[in-house]
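What follows is a short report on a single structure.
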Amino acid sequence: MSNDKVVKVALVGNPNTGKTSLFNQLTGLKQKVGNYPGITVEKKQGVCKLSDNIIAEITDLPGTYSINPTSMDETMVLDTLLNEKGKSFPDVIIVVVEIENIKRNLLLFTQIKDLKIPTILVINMIDQMKRKGISIDVKKLEEKLKTKIVLVSARKNIGKLKQWNIQFD
Amino acid sequence: MFKTIANLRIGERAFIEKLCLENIPLELLEMGCLPGKEVQLIQKAPLDCPLYIRVNGSHLAIRRETAEKITVVK
C-alpha cells in the first residue's frame with residue numbers, strides 16, 4: 001500500500017455542475033448533493049484507486065464562478081489552489097462544467113489554466129445532451145482550449161475519467 | 001434618457017451597452033453580464049423587484065436598482 005503513487009486531484013467548477021456527484025462516484029463516499037448552489041461549503045476529501053499502484057486523493061471544492069473570492073468558501077478555493085505547500089495542493093485540476101453552461105464556466109476555466117497546473121475539462125450531465133438538443137465537437141473544443149476533455153454523466157458512468165487521470169502522470 | 005434593463009418590457013431583448021463597475025456586484029460580471037452581451041427580460045416580480053433576466057445562457061434575478069444601472073441598446 002505504501003508503494004502506491006498518490007496523485008492529488010482537485011474538483012472545481014461553477015455551483016451545481018455535479019462536482020460532488022462525480023466525487024461520490026469516484027470515491028464511493030456519500031457527500032450531500034442538492035439541486036441548488038451552496039451545498040458544498042467546505043472541502044471534502046476522498047480517495048479513488050486509479051490503477052494497481054496509483055491512488056488519487058480527491059478534494060471536492062465548493063462551486064465558484066471565478067477565483068476572485070467573494071465569500072468564505074470561494075476564499076478557501078483560492079487558498080487551496082495557490083498554496084503550493086498545502087496538503088491539498090493538486091497535481092491535477094478537474095474543472096467540471098455542465099453541458100448547458102459551458103460558456104459561463106469559461107471565466108473560471110481560463111483562470112484555472114493560468115495557474116499552469118495540469119487540467120482536465122469534464123463536461124457533465126451528457127445524459128441530457130439529446131434531450132436538450134446539444135451536440136459538442138470535442139476535438140475542436142480540445143484544440144481551442146488546449147485541454148483534454150472528457151464527457152461524463154456522473155449519474156451513469158465515469159470509467160473514462162479514471163483513465164485520463166492516469167494519463168496525467 | 002438612457003434605456004436600462006429596468007425599462008425593458010417582458011420578453012424584450014437588447015444588448016448591454018454600459019455598466020458602472022463600482023455599482024454592479026462582481027458576481028454579475030463573472031456570470032457574463034457584460035457590454036455587448038444580449039439580455040432578455042423574462043419576468044418581473046410585483047413592484048418591479050427582482051427582475052428575472054436571461055444573459056449569457058444563464059437565468060438571473062437582479063434587484064431593480066441594479067437593473068437601473070445597466071444601460072442597453074437594441
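Each chain gets a letter, A, B and so on, in the order its sequence line appears, and its residues count up from 1.
L41(B) and V73(B) fall into different hydrophobic clusters, defined by Ile, Leu, Val, Met, Phe, Trp and Tyr side-chain heavy atoms under 4.5 Å apart, directly or through other members. Linking Ile, Leu, Val, Met, Phe, Trp and Tyr whenever their side-chain heavy atoms come within less than 4.5 Å puts M129(A) and I123(A) in one cluster. Each of V72(B) and Y52(B) belongs to its own hydrophobic cluster when Ile, Leu, Val, Met, Phe, Trp and Tyr are linked at side-chain heavy-atom distances under 4.5 angstrom. Cluster membership for I112(A) and L141(A), using ILVMFWY side-chain heavy atoms within less than 4.5 angstrom, is shared. Hydrophobic clustering keeps V97(A) apart from L107(A) (ILVMFWY residues linked when any side-chain heavy atoms are closer than 4.5 Å, directly or through intermediates).
Residues of residues 78-87 of chain A lying under 4.5 angstrom from chain B, judged on non-hydrogen atoms, do not exist.
We find the OG-CG distance between S66(A) and L26(B) to be 6.0 Å, quoted to the nearest 0.5 Å. Note that CG of N105(A) and OG of S58(B) are 8.5 Å apart. Values are rounded to the nearest 0.5 Å. Taken to the nearest 0.5 Å, the OH atom of Y65(A) stands 10.5 Å off from the CG atom of L28(B).
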What side-chain donor-acceptor pairs closer than 3.5 Å can you find for residues 16-23 of chain B, not counting sequence neighbours?
residue	atom	partner	partner atom	Å
E17(B)	OE1	T71(B)	OG1	3.3

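Residues E30(B) and N68(A) approach most closely at OE2-CB, 3.7 Å, considering heavy atoms. Across all their heavy atoms, R104(A) and M31(B) have their closest contact at CG-O, 3.9 Å.
Counting heavy-atom neighbours within 6.0 Å of K132(A) NZ, excluding the residue itself, gives a total above 12. Taking a 6.0 Å sphere around NZ of K74(B), one finds it holds more than 12 heavy atoms contributed by other residues, nucleotides or ligands.
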